[in-house]
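Written below as structure tokens is the structure these notes are about.
Numbers restart at 1 for each chain; the letters A, B, ... are given by sequence-line order, proteins then strands. Only a predicted model underlies this, so the values are computations on that prediction, with no experimental measurement involved.
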Amino acid sequence: MSEVNDIPIDVLRHSAAHLLAHAVLDLYPETRTGIGPAVETGFYYDFLRQTPFTPDDLEKIEKRMKEIARENTPIERLVLTKDEAVRMFEEKKQDLKVELIREKGDATVTVYRQGPFADFCLGPHVASTGLLQNVKLLSVSGAYWKGDERGPQMQRIYGAVFATKKELEDHFRMLEEARKRDHRRLGAELDLFSTSDDLGGGLILWHPKGARVRAVIEDHWRERHWAGGYDILFTPHIGRATLWQTSGHLGFYKDSMYSPMDIDDQPYYLKPMNCPFHIQIYKSRMRSYRDLPLRWAELGTVYRYERSGTLHGLLRVRGFTQDDAHIICTPGQIESEILRVLDFSVSILADFGFIDNKIELSVRDPKNLGKYCGTDDLWCRAEASLVKALETRGYPYERMEGEAVFYGPKIDIKIKDALGRHWQCTTIQFDFNMSERFGMTYVGEDGQEHRPYMVHRALLGSLERFFGVLVEHYNGSFPLWLAPVQAVVLPIAERHEEYARALDRRLGENGLRSSVDLSREKVGKKIREAEIQKIPLILVVGDKEVERGTAALRVHGQGDKGEVDLARFIEQAKEFHRQKSLIVNF
RNA sequence: GCCAGCGUAGCUCAGCAGGUAGAGCGGCUGAUUUGUAAUCAGCGGGUCAGGGGUUCGAAUCCCUUCGCUGGCUCCA
């Protein structure tokens, strides 16, 4: 048993994918196999087959997988010449494998074989199928051969595998936990937001409590931006087609834009991005190098067409508010500006409790340099500034070659939620396209016109997505400073209501968001309600408290804290609120 | 958009070899005046997502539209 624990999880997963394909071919020999890698949460295998797999089929397949695992079939590694391998899979009528071998195979290729099943694969794999006992299939979905939508639609089966039964069970408990803290579920339970079929998909309705949190986030955002050297802008939601023509959006972004509306015989488009508007402001007058850098931020609401199947709660919507900013600077300023925006981003994410971030640097595809706009010099300088900023701070990052957008390199920060899942929020990207197309210039020391660098940046990303991630990260239990309702006062009996109301008022006068529960329920019920609503501070008042001018404090997640002096409690609560503390300790 | 699954009261779900709809919670009303996670009782509430078909009869079977979910592709 000790040896199974020593196997790297990716090897286990990849071997489980082979086990899956083995079982599928046993049961449905006409199936053609695609690829079957290990992924972050388990493994999958793609199959090409006339009839799609049903949930019943999955059960049968899983059963067969377990049988093969019990048979403990040895897994052997074969080294074949490319021709031998091609012949082998031609005999098996696995033309997709043949295609892969022809594309990817060197002079010799490796094939892993277990019983009748063989797969073209680099490996490594476990020694025998007996090590794959703790396996479970999760779901089946569509996928395209080589990810190409025009290619054949395949059936992808997902599964999970672990070294021990306990780990498998823990994994499913974790999935259940994730389901419980799904922002869509919590959004309804905590009355934060909703969507409506009558309204249309991907459009968010912010309820009073959700809007409250959003307003707190926005206020904090504005405060930090003004303090951080940014100016804040407002721009409209629509603009003339000519603007989008100039920006190039009608060329390269039209598929994501909604149909134009007609205003005085002129076509206008709903904005999918804010940049052209900021550029109009830039171009409203001459700019000198003395004016730069400009840091212009806006909470800009944009509308983008997203295909129906991609919509997902708050994380993928059709109308959203970006916390957008454009930094316009001279070439000499880019290094310091990039470092500054990186520090600023990391610092604001930390304000919200996100400190464990994953950073990706997306650069050009060296094999396809033609598809990018902007000169080589621009790119090199921009890339160097991004790398330098990351290295100056010593942040580990992943270099993603070919992941850059056509108009410039970028840094993405993916924040990690409490369950270890990553969500892309921050993006810092150079834009060589807009500055060129709009002919942005500034007058340099030499009196000549120069092209400024423009950096596009979304920090929280979109307020919708960020809020969704925040809800999941905190499991709905917002820290005091963000909580829609920070304190609730619970009178025990009717005779305590006046005192409770007065206390509620006093909290409000002290800048705390408070409410009072005047329902004719027992205090146990009121506490339960307040706990379910995840209200950080609960103040119970009865005869004793009225008499002494106190309250009994209960802190969400911490339980009963006993009687507190009101003046002292309010001062402490105000301080936690003012400090934007992520934890409170009375 | 594509593949698969799903759509029954505000929410969570039961009902399905086809005979005309049920529970819990929430809501409302009343009683209870309550001390740290659910007081009791009563009452409302559903063209079973919409449309079409098969049938004497459809929540249940078939077709279709819409929506949602899990993925694919894309992305803040």
Task: Rounded P spacing from B/C25 to B/C40 in Å - done: 9 Å
Task: Dot-bracket line, read 5' to 3' along RNA chain B, where crossing pairs take [ ] and | marks a partner on another strand, Watson-Crick or G-U under 3.5 Å - done: (((((((..((((.....[..)))).(((((.......))))).....(((((..]....))))))))))))....
Task: Selected nucleotide, minimal atom distance to A/Val140 side chain, candidates B/C3, B/A37, B/A4 - done: B/A4
Give me the distances for all protein-to-nucleotides 38-49 of chain B N/O pairs that come in under 3.5 Å?
unit_1	atom_1	unit_2	atom_2	d
B/A38	N9	A/Arg528	NE	3.4
B/A38	N7	A/Arg528	NE	3.3
B/A38	N7	A/Arg528	NH1	3.2
B/A38	N7	A/Arg528	NH2	3.3
B/A38	N6	A/Arg528	NH2	2.5
B/A38	N1	A/Arg528	NH2	3.1

Open item on the list: Measure CD/A/Glu494 against C1'/B/G35 and give the value in whole Å, please.
Closed with: 17 Å
Open item on the list: Under 4.0 Å, counting only non-hydrogen atoms across every strand here, what does A/Ala493 touch: a base, just sugar-phosphate, or nothing?
Closed with: base
Open item on the list: According to side chain to side chain donor-acceptor pair (under 3.5 Å), who are the partners of A/Thr301, at least two apart in sequence or on a separate chain?
Closed with: A/Thr321
- [ ] Determine whether any donor atom in the side chain of A/Tyr144 lies under 3.5 Å from an acceptor atom in the base of B/G1, or the reverse, and answer yes or no.
- [x] yes
TODO: For A/Ile157 and B/C3, give me the distance from atom CD1 to atom C1', rounded to whole Å.
DONE: 13 Å
- [ ] Report yes if some heavy atom in the side chain of A/Val346 is under 4.5 Å from a heavy atom in the side chain of A/Tyr395; otherwise report no.
- [x] yes
Open item on the list: Regarding A/Gln424, tell me which of base, sugar-phosphate or nothing describes its non-hydrogen contacts under 4.0 Å with the strands shown.
Closed with: sugar-phosphate
Open item on the list: Donor-acceptor check, side chain of A/Gln558 to backbone of A/Val555, threshold 3.5 angstrom: yes or no?
Closed with: no
Pull out every protein N or O sitting under 3.5 Å from an N or O of nucleotides 63-69 of chain B, one pair per line with the distance.
unit_1	atom_1	unit_2	atom_2	d
B/G67	O2'	A/Asp197	OD1	3.2
B/G67	O2'	A/Asp197	OD2	3.3
B/U69	OP1	A/Arg184	NH1	3.0

TODO: May I ask you to decide if the ring planes of A/Phe193 and A/Phe467 are parallel, tilted or perpendicular, using 30° and 60° as cut-offs?
DONE: perpendicular
Task: Residues in side chain to side chain contact (heavy atoms under 4.5 Å, CB included) contact with A/Ile583, at least two apart in sequence or another chain - done: none
Task: Under-4.0 Å salt bridge between A/Arg520 and A/Glu494 - done: yes
TODO: Just compare B/C72, B/A37, B/C3 and give me whichever is closest to any side-chain atom of A/Arg156.
DONE: B/C72
Open item on the list: Heavy atoms within less than 4.0 Å of RNA chain B: which residues of residues 459-470 of chain A have one? Give them sorted by number.
Closed with: A/Gly461, A/Ser462, A/Arg465
Open item on the list: By the 4.0 Å heavy-atom rule, please label A/Val302 as base, sugar-phosphate, or nothing.
Closed with: nothing
Task: Span that lies between the C1' atom of B/A59 and that of B/G19, in whole angstrom - done: 13 Å
Task: Along RNA chain B (nearest heavy atom to each residue), the more 5'-positioned of A/His496 and A/Gln429 - done: A/His496
TODO: Ignoring hydrogens and angles, answer whether the base of B/U73 and the side-chain atoms of A/Arg307 contain a donor-acceptor pair closer than 3.5 Å.
DONE: yes
- [ ] Kindly say whether, by distance alone, the side chain of A/Glu306 makes a donor-acceptor pair under 3.5 Å with the base of B/G1?
- [x] no
TODO: Please state the P separation for the pair B/U73 and B/U65 - nearest whole angstrom.
DONE: 26 Å
Task: Whichever of A/Leu314 and A/Ile492 has its nearest RNA chain B nucleotide further upstream toward 5' - done: A/Ile492
Open item on the list: Does a side-chain N or O of A/Tyr158 approach OP1 or OP2 of B/C72 to a distance below 4.0 Å, or not?
Closed with: yes
